[in-house]
Amino acid sequence: MIMTKVGGRRFLLTLGCGIVCTWLMWEGKITDVVFRDIIIGTVAAYIAGNTVQKVKEPKE
């Protein structure tokens, strides 16, 4: 119930990845190009997961 209110597992994982990547960039552990690629990949996976879920959802 709480997971649904805050956006679900996929959203929280995407948000967590963004926070960790931002922190790594802030600390200088990753470059801006790596940061960009990770964010693009994470957002693409999030969108793809939502699309697959909507397509495979049972019709009412």
Side-chain angles (χ1 to χ4, degrees):
M1 185 79 170
I2 274 183
M3 292 294 272
T4 306
K5 286 184 179 181
V6 295
R9 290 176 300 175
R10 238 186 336 260
F11 176 73
L12 290 177
L13 286 171
T14 303
L15 187 63
C17 182
I19 290 169
V20 169
C21 289
T22 301
W23 176 75
L24 287 171
M25 175 107 175
W26 186 277
E27 292 292 319
K29 306 290 184 189
I30 61 174
T31 65
D32 55 345
V33 174
V34 173
F35 177 78
R36 179 200 64 199
D37 292 344
I38 291 172
I39 295 301
I40 289 172
T42 304
V43 171
Y46 178 78
I47 292 170
N50 281 342
T51 303
V52 168
Q53 182 181 6
K54 295 295 180 188
V55 168
K56 292 195 173 209
E57 202 170 69
K59 304 288 182 208
E60 290 185 20

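The first residue in the sequence is number 1, and the count goes up from there.
- With hydrophobic clusters built from ILVMFWY side chains whose heavy atoms lie under 4.5 angstrom apart, I47 does not share a cluster with L13.
- Between T42 and C17 the shortest heavy-atom distance is OG1-SG, 3.4 Å.
- Minimum interatomic distance between G18 and I39 (heavy atoms only, all atoms of both residues): CA-CD1, 4.0 Å.
- Hydrophobic clustering (ILVMFWY, side-chain heavy atoms < 4.5 Å, transitive): I19 and V6 are in one cluster.
- Criterion: ILVMFWY side-chain heavy atoms under 4.5 Å apart, direct or through other members. Under it, V33 and I30 are not part of a common hydrophobic cluster.
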